[in-house]
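All values reported here derive from a predicted model rather than from experimental measurement.
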Amino acid sequence: EALYDMDRYPEAADLYEEALRKFPSTDLEDDMYYNLAWTYVRLGKPEEAIDHFRTLVDHSNNEVLKVAALCRIGDTYLEKDEFEKALEVYDRVLKEYPKSLYSDHAQYQSGTTLSRLGHVDAAILSFQSMIVNYPDSHFRAEAIYRLGGALMQKRSFEEAAFQFGKLIANFPESPLKDKAYFQLGSCHFNKGDYPKAFAIFKDIYSKSPDSETGRLSKYQMGWCYFRMNKENEAIREFEDFLKKFPDSDITPDVEYGLG
């Protein structure tokens, strides 16, 4: 563990492997398999990690470690873009261990996987289930944010705005709060409520002009002006954007807006 904590993963893996060969019946076997699997994750060897997590799942009597290992197998498949395999693992956790400490993780990741597969309706149901069934989960804010995003994909902007507003109100310390506020503005923009959208984008930009959401808000302010038939103000906003952020990756879009 000391080598792992020092980021000396190759040496840690060698020692865990040696220990498992020398002491195959030790009481620490489950912990060593789990830690070895995590070491292979850190080494960027997903197949070896999955093999060792699966050994733990198949042979351990420790339910907590088994479910943790299952979730990590699902996460590894998700990271490898093997979405169907990931979904199968998360479904197993939810069906076989619905009251486990990791059930909320499986439910959240199931929604994420469904989103990646483009199954938006199923993803919405999965995120809603996570929010309702696991009110104390530390994934709750992320699930609300992703639910809002999925609802935007469905063009359900009113419902999406409600979710983003809920995140902002209930999780003021969340690192997703600023993104949620920007998406709230985007919902109002897409609903055609350009004055309300403009007010949000202006507020974001005034508070954090150099942040990613600040730059995007500056850009969106120009489009709000345009949609409100204030073309001179829109031109001024886009030109000001180009002066302040000439190297932005959305500069071509701003130049298009000016054109």
With no hydrogens and no angle check, is any side-chain donor or acceptor of [X] less than 3.5 Å from a backbone partner on [Y]?
X: S208; Y: T213; value: no
X: R227; Y: G192; value: no
X: S60; Y: V57; value: no
X: S129; Y: L125; value: no
X: S211; Y: G214; value: yes
X: H119; Y: S115; value: no

Answer yes or no: is there an ion pair linking [X] with [Y], defined by an N-O contact shorter than 4.0 Å?
X: D91; Y: K95; answer: no
X: K154; Y: D121; answer: yes
X: E88; Y: K85; answer: no
X: K22; Y: E17; answer: no
X: K207; Y: D203; answer: yes

Close side-chain approach of [X] to [Y], heavy-atom, < 4.5 Å:
X: Q109; Y: C71; value: no
X: Y145; Y: Q183; value: yes
X: D178; Y: I204; value: no
X: M152; Y: N190; value: yes
X: T251; Y: F245; value: no
X: V64; Y: Y102; value: yes
X: K166; Y: F171; value: no
X: W38; Y: R42; value: yes

Between [X] and [Y] (judged by ring centroids, cut-off 6.0 Å), do the two rings come close enough to count as a pair?
X: Y194; Y: F198; result: no
X: Y134; Y: F139; result: no
X: F201; Y: F182; result: yes
X: W223; Y: F238; result: yes

For the hydrophobic clusters of this structure (ILVMFWY residues joined by side-chain heavy atoms under 4.5 Å, transitively), does one cluster hold both [X] and [Y]?
X: I250; Y: L258; answer: yes
X: I124; Y: L94; answer: yes
X: I50; Y: L87; answer: no
X: F241; Y: M228; answer: yes
X: L114; Y: I131; answer: no

In Å and rounded to the nearest 0.5 Å, what is the [atom1] to [atom2] distance from [X] to [Y]?
X: L176; Y: R146; atom1: CG; atom2: CZ; value: 9.0 Å
X: L184; Y: F157; atom1: CG; atom2: CZ; value: 12.5 Å
X: Q128; Y: N133; atom1: CD; atom2: CG; value: 11.0 Å
X: E47; Y: T76; atom1: CD; atom2: OG1; value: 9.0 Å
X: D104; Y: D136; atom1: CG; atom2: CG; value: 9.5 Å
X: E233; Y: M221; atom1: CD; atom2: CE; value: 11.0 Å

Test P10 against every option in T39, L43, L15 by the side-chain contact (heavy atoms from CB on, under 4.5 Å) rule and name the one that passes. L43
Only residue of L36, L70, I73 satisfying side-chain contact (heavy atoms from CB on, under 4.5 Å) with F53 is I73
Do the rings of Y108 and F127 sit parallel, tilted or perpendicular, given the 30° and 60° boundaries? tilted
Go through the steps for N170 and R140 under the test side chain to side chain contact (heavy atoms under 4.5 Å, CB included), then give the verdict. CA-CA 10 Å; N170 295 338; R140 188 173 171 82; 5.7 Å; no
Please report the shortest heavy-atom distance between [X] and [Y], naming the atom on each side.
X: G148; Y: A160; answer: O-CB, 3.5 Å
X: C224; Y: A197; answer: SG-CB, 4.0 Å
X: A37; Y: A49; answer: O-CB, 3.5 Å
X: V93; Y: A106; answer: CG1-CB, 3.7 Å
X: I168; Y: K177; answer: CG1-O, 4.1 Å
X: Q163; Y: L151; answer: CG-CD1, 3.9 Å

[X], [atom1]: over 12 other non-hydrogen atoms inside 6.0 angstrom:
X: F226; atom1: CZ; answer: no
X: E255; atom1: CD; answer: yes
X: K230; atom1: NZ; answer: no
X: N61; atom1: CG; answer: no

Quick one: is the NZ or CZ of K218 closer than 6.0 Å to the six-membered ring centre of Y205, and within 45° of its axis? yes
Step by step, work out the salt bridge (charged side-chain N to carboxylate O under 4.0 Å, His left out) result for E237 and K202. CA-CA 11 Å; E237 205 65 54; K202 183 178 180 180; over 6 Å; no
Looking just at side-chain N and O atoms, do [X] and [Y] make a donor-acceptor pair shorter than 3.5 Å?
X: D75; Y: Y90; answer: yes
X: Y225; Y: E231; answer: no
X: S126; Y: Q107; answer: yes

Please determine whether salt bridge (charged side-chain N to carboxylate O under 4.0 Å, His left out) holds for the pair E11 and R8, giving the CA-CA distance in whole Å, both sets of side-chain angles, and the decisive distance to 0.1 Å. CA-CA 6 Å; E11 295 166 86; R8 294 166 62 178; 2.7 Å; yes
Between R116 and D81, is a salt bridge (charged side-chain N to carboxylate O under 4.0 Å, His left out) present by the stated rule, with each step listed? CA-CA 9 Å; R116 298 283 297 277; D81 294 343; 2.8 Å; yes
Give the C-alpha distance, both sets of side-chain angles, the deciding distance and a yes or no for side chain to side chain contact (heavy atoms under 4.5 Å, CB included) between F164 and K179. CA-CA 9 Å; F164 292 127; K179 289 184 177 181; over 6 Å; no
Could you go through S137 and M130, starting from their C-alpha distance and side-chain angles, then the distance that decides it, and tell me whether this counts as side chain to side chain contact (heavy atoms under 4.5 Å, CB included)? CA-CA 8 Å; S137 172; M130 213 244 67; 3.7 Å; yes
